[in-house]
Amino acid sequence: MDYTQAKKLLEKYNQTQLLDYYDELDEQSKKRLLCDIEKLDFSVLENIGSGQERKIGILSPADALSVEELDKDREKYEKVGIEAIKSGKVAAVLLAGGQGTRLGSSLPKGMFNIGVNKKLSIFEQQMNNIQQVVNKAGADFHIFVMTSDINHADTCNFFKENDYFGYNPQKIHFYKQKLAPTSSFDGKIYLEEKDKISLSPNGNGGWYSSLIEAGYGDFLRENGIEWLNIYAVDNVLQRICDPVFIGATINSGCACGSKVVKKVSPQEKVGVLCKEDGLPTIIEYYEMPEKYACMRDADGELTYRYGVILNYLFAVDKLNQIYKDKLPCHLAVKAIAHVENGKKVVPEAPCGYKFETLVVDIVRLMGTCLAVEVERTREFAPVKNKTGVDSVDSARELLKLNGVEL
Ligand code: UTP
C-alpha cells in the first residue's frame, strides 16, 4: 500500500490522524506504518456507542456440583478422568496472550517471579501443578500455549531456557492469537509510536479459532483429542487437567464444564455462572444488575454465588460446530500509551478502549455446562494487581497456605 492508498482508506474511516507524523519518518518507518495501516481491522470501531450494551434476559441460578457432592463421588470421577487422560483424549490450553497491564510488567505475565527466597515464575508454578496430575495419571498430555505477537518470542524463549520445566517439549505447542487496534473514547485509533499503530491482543474469546487457524485442527483429530481444558495464566493455584473435574464433566453429558468458587461478597469482581433464558451464561461482574448480585437464599447464601475462575473443559466436537459463530465484542476501558501532540504519553487513568471477545461468551454457545464448585483457598489465587486484592501478595499467602515453598 502506498501513501495515497493509505490516505484514501483512512479518509473512508475518518482516521487520517494516523498519518499526522508521516512526513517526519524515514523511509523504513514510512513503510512500516503503511504496512500496519493496510492490515487494520476497522470493524471493531463499530462497537463504540452502538447501543450494544449487554441486555440481560431472564436469570436463574446455575445448578452446581457442590464441594460436598463432588467429594462423595470423588473416586468415581477421578477414575473416569484418569482414563480420559491416559487414552490421550484430553489436552490443556494455556491462555497467555494477555498483556497483564494491571501488573505493570512488560514481560509475559507467566514470567513474573512469584517466589520470595527463590525464583519461581508463574509458568513454573503452573507446570509444577501439571506435573502432580501427570504423576497421578501416569501419563502426560499435550499443552497448547496461546500467545500474541507482543509476547510470543519472550514466552517461547522462557520455556526453552527453563528446559520446558521438565516437561516433554514435543508436547508443548505455542500459537498466536490476533491483535486489534486500540482507540480513544471517541473512536480515533491510537498511534503507539509515530510509525506504529497501537495494537493489543483481541481478547481470549478467539482461543479456539486461532488454534484452528494455526493449523491444529488436524492435529486434534489425528491425536484423538476430545476435550480441551482452558486455563488462565494468572491463577497460581490452578489445577490443570484435574481428573475429578474431567470425570464429573464427562459423566454429566454436558458439552462443557466450568470450575466455580463461592463468591466472597456480592461485589467481588468475578463473572457469575448462571442461567439466562434457560441457557448457561456467565455474566461479568460489571454487567450483573445489583438486585441479582445481592440476592440471597433463605439460608443467607448468595443466590447467584458461583464465580468463574477461568478453568473450563470444552468438548472439541461441539467447539467445531460453534467456533465460527460471532462473539460479542467487549469494550475494555484501559489506560493506553499513545502519541499525543507529537509526544508519547503513558496515562495512569483510562483513556480509551481495547476491543476484546471473551471466552465466557463461548460457554453460552456450548449449550450445556456443568458447574463444579472447588474450594477457593485451594484453587484460586489470581495475580491481577501489584498489591491489594488479587495481587502478588495475596497469591503468595495462598501458595504458602497450600505448602508451596517460596
Ligand atoms: P485478563 O482479563 O486478566 O487480562 O486475562 P490480562 O491482559 O491478562 O490483564 P490486564 O487486564 O491487562 O491487567 C485473563 C486471562 O486471559 C488471557 C490472559 O493472558 C489471562 O490468562 N488473555 C487475555 C489472553 O490470552 N488474550 C487476551 O487477549 C486477553
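As the structure lists them, so they are numbered: ligands from 1, and atoms in each ligand from 1. Keep in mind it's a predicted model, so treat the numbers as computed, not measured.
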Does ligand 1 come near enough to [X] that some N or O of the ligand is less than 3.5 Å from an N or O of the residue?
| X | value |
| --- | --- |
| Leu95 | yes |
| Gly98 | yes |
| Gln99 | yes |
| Ala232 | no |
| Leu310 | no |
| Gln177 | yes |

Nearest protein heavy atom to [atom], by residue and atom, and its distance?
| atom | result |
| --- | --- |
| atom 28 (O) of ligand 1 | Gly203 N, 2.8 Å |
| atom 16 (O) of ligand 1 | Asn204 ND2, 3.1 Å |
| atom 6 (P) of ligand 1 | Gly100 N, 3.6 Å |
| atom 12 (O) of ligand 1 | Thr101 OG1, 2.4 Å |
| atom 2 (O) of ligand 1 | Arg102 NH2, 4.2 Å |
| atom 25 (O) of ligand 1 | Gly97 N, 2.9 Å |

*Which distance, rounded to the nearest 0.5 Å, do you find between the CD1 of Ile309 and the CD of Glu379?*
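Going from the CD1 atom of Ile309 to the CD atom of Glu379 covers 5.5 Å.
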
When you compare the side chains of [X] and [Y], does any donor N or O come within less than 3.5 Å of an acceptor on the partner?
| X | Y | result |
| --- | --- | --- |
| Gln132 | Asn128 | no |
| Gln238 | Asn311 | yes |
| Ser198 | Thr182 | yes |
| Gln126 | Glu124 | no |

*Assign the ring pair Phe144 / Tyr175 to parallel, tilted or perpendicular, where the plane angle (0 to 90°) is split at 30° and 60°.*
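Answer is perpendicular, since the angle exceeds 60°.
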
*Would you call the rings of Phe174 and Tyr164 parallel, tilted or perpendicular if under 30° counts as parallel and over 60° as perpendicular?*
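It falls in the tilted class, 30° to 60°.
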
*Is there a salt bridge (Lys or Arg N to Asp or Glu O under 4.0 Å) between Glu75 and Lys79 once you walk through the steps?*
CA-CA 6 Å; Glu75 274 178 32; Lys79 213 168 146 228; over 6 Å; no

*Return yes when atom CZ of Arg378 has more than 12 non-hydrogen atoms of other residues, nucleotides or ligands closer than 6.0 Å, and no otherwise.*
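Counting other residues, nucleotides and ligands, CZ of Arg378 stays at 12 neighbours or fewer.
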
Table please: side-chain donor-acceptor pairs of residues 313-327 below 3.5 Å, with sequence neighbours left out.
unit_1	atom_1	unit_2	atom_2	d
Asn320	OD1	Tyr208	OH	2.6
Asn320	ND2	Val316	O	3.4

Going by atom type alone, with no hydrogens or angles, which donor-acceptor pairs under 3.5 Å involve a side-chain atom of residues 185-194 and a protein atom two or more places apart or on another chain?
unit_1	atom_1	unit_2	atom_2	d
Asp186	OD1	Ser184	OG	2.4
Lys188	NZ	Asn14	O	2.8
Tyr190	OH	Cys351	O	3.1
Glu192	OE1	Lys196	NZ	3.3
Glu192	OE2	Lys196	NZ	3.4
Glu193	OE2	Lys344	NZ	2.9
Lys194	NZ	Glu24	OE1	2.8

Pull out every atom of ligand 1 sitting under 4.0 Å from any heavy atom of [X], numbered as shown with elements.
| X | result |
| --- | --- |
| Met146 | 25 (O) |
| Asp234 | 3 (O), 20 (C) |
| Val233 | 19 (O), 21 (O) |
| Lys384 | 1 (P), 3 (O), 14 (C) |
| Lys334 | 10 (P), 11 (O), 12 (O) |

*Can you tell which part of Pro201 has a heavy atom less than 4.0 Å from ligand 1: side chain, backbone, both or neither?*
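Within the 4.0 Å criterion, Pro201 contacts ligand 1 through backbone and side-chain atoms alike.
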
